[in-house]
Amino acid sequence: MTDSGIFLTHRHSPRIRRHFRRLVDESGPRVRWHFVYSQDTGPRPTSRIRADDPAEVLAARYRAMAEHGGVQGGYLDTLVMPLLRALRGDHLWVCEYDVDFSGHWGEFFARYAGHDADLLTTHVMSRAEHPQWNHWQRAGSPAWVPEDRWVRSLNPLMRLSRRLVNAYCVAMADEAWRGHYEFTLPTAAVVGGLSVEDLGGDTSFTLEERRGTGYIGRTPDGKPADMTFGFRPVRRHYFEERPQAFERPGLLHHPVKPGVRPWTKQTRNVR
Amino acid sequence: MTRSGASGRGSFSGRARAATGRGPTRTTERYRVEVADGVLALVLEATGAPLLQGPTRRVTTHPLGRAGAVLVELDGVPLLVDFTVRHPGSGAAHTVRRAAHALRGRRVRRAFAAAARSAR
């Protein structure tokens, strides 16, 4: 069955539109993409997907998001999950506008077509592998979840199974889950016995044959000098616009900010 | 393995499809629904791992429709849990089977609600 996916942007521009078109064209029939425009800090974006109300799909997380003042800074799950639940396909992709691939997207998605992991994402590390991660401070889980099973990830590009989308929403019915969804999502998947794999960085969640093939990012040993995927450095042009600026072919890149201010804790990209 | 819908005083074990929210969704999964020692647990059938555990004192149940669906609320968070066995099909024989499944679903739902109530 064809995968489905949402392309998520909080800015509208011809450059971002062209980037989306390349994603659609090169994915071909493998992934059916939907353009989603998040026009404000709330979890109800503009899209053609007929999604259920986030306040019902993830009610406890929705309350926490409202208290926090919006989806930025950890509550993007309240926006994404209702959309994914409404899509067709066994595997559901999320791609933010600032993710790029220095190659043909079709070749990228073909790498994962035969793999049935419930969660494929980046920078998947246990608490022991990345103890200095900022968001552990705000993290919380039900008492029956031991802290040594806590996991973090970075999700500008990820693939979820339909089973995980359902299981995650059910797990989050317990308001004891607290913190960034880059913690709640992979941790709920792990404790729910679902399979979590890294898209191809270098962590204990990366399959041996996939190590270093998806992106260069932080590892349990620290940040390599030639990172292609992380919080920084910021690139200003997409691969399609300046391929020569992407030194490493066939890898994911993040963040690419085409005329968009980079995210900071102060601005949180709130307009 | 416990028979689906089996219950004792304040305890219950059954199989259901479940999802968050109050309405139908295409994204449902099979769970083992258990009530024991004052705790409601939803165990994902595909993995056998518990996903949700909450004290029954924080749980309310409301029957929905004429078959085995029930709206469960944990601290006000809605979950649609459906004990009805559903098979696609048509014809008179299917209608009879569907009615029997609905009746059984209703019975299981009643047992579940009673267990959740008495375990509080």
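Every chain is numbered from 1, with letters handed out A, B, ... down the list of sequences.
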Between chain A and chain B, are any donor-acceptor pairs under 3.5 Å, and how far apart is each one to 0.1 Å?
unit_1	atom_1	unit_2	atom_2	d
A:Glu56	OE1	B:Arg22	NE	3.4
A:Glu56	OE2	B:Arg22	NE	2.8
A:Val57	O	B:Thr20	OG1	2.7
A:Arg63	NH2	B:Asp75	O	3.0
A:Arg85	O	B:Thr27	OG1	2.8
A:Arg85	NH1	B:Thr20	O	2.9
A:Arg85	NH1	B:Thr20	OG1	3.1
A:Arg85	NH2	B:Thr20	O	3.3
A:Ala86	O	B:Arg26	NH1	2.6
A:Arg162	NH1	B:Thr27	OG1	2.6
A:Asn166	OD1	B:Tyr31	OH	2.5
A:Asn166	ND2	B:Ala18	O	2.9
A:Asn166	ND2	B:Thr27	O	2.9
A:Gly192	O	B:Thr47	OG1	2.7

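In this structure, the portion of A:Leu87 lying under 4.5 Å from any heavy atom of chain B is its backbone and not its side chain. At a 4.5 Å heavy-atom cutoff, A:Ala55 makes no contact with chain B through either its backbone or its side chain. Heavy atoms closer than 4.5 Å to chain B are found nowhere in A:Ala143, neither backbone nor side chain. Proximity to chain B (any heavy atom under 4.5 Å) is shown, for A:Val57, by both the backbone and the side chain. In this structure, the portion of B:Ala18 lying under 4.5 Å from any heavy atom of chain A is its backbone and not its side chain.
Taking each heavy atom of A:Gly192 and B:Leu44 in turn, the nearest pair found is O-CD2, 4.0 Å.
To the nearest 0.5 angstrom, A:Cys169 atom SG is 12.0 Å from B:Leu52 atom CG.
Atom CZ of A:Arg111 sits in a crowded spot, with more than 12 heavy atoms from other residues, nucleotides or ligands closer than 6.0 Å.
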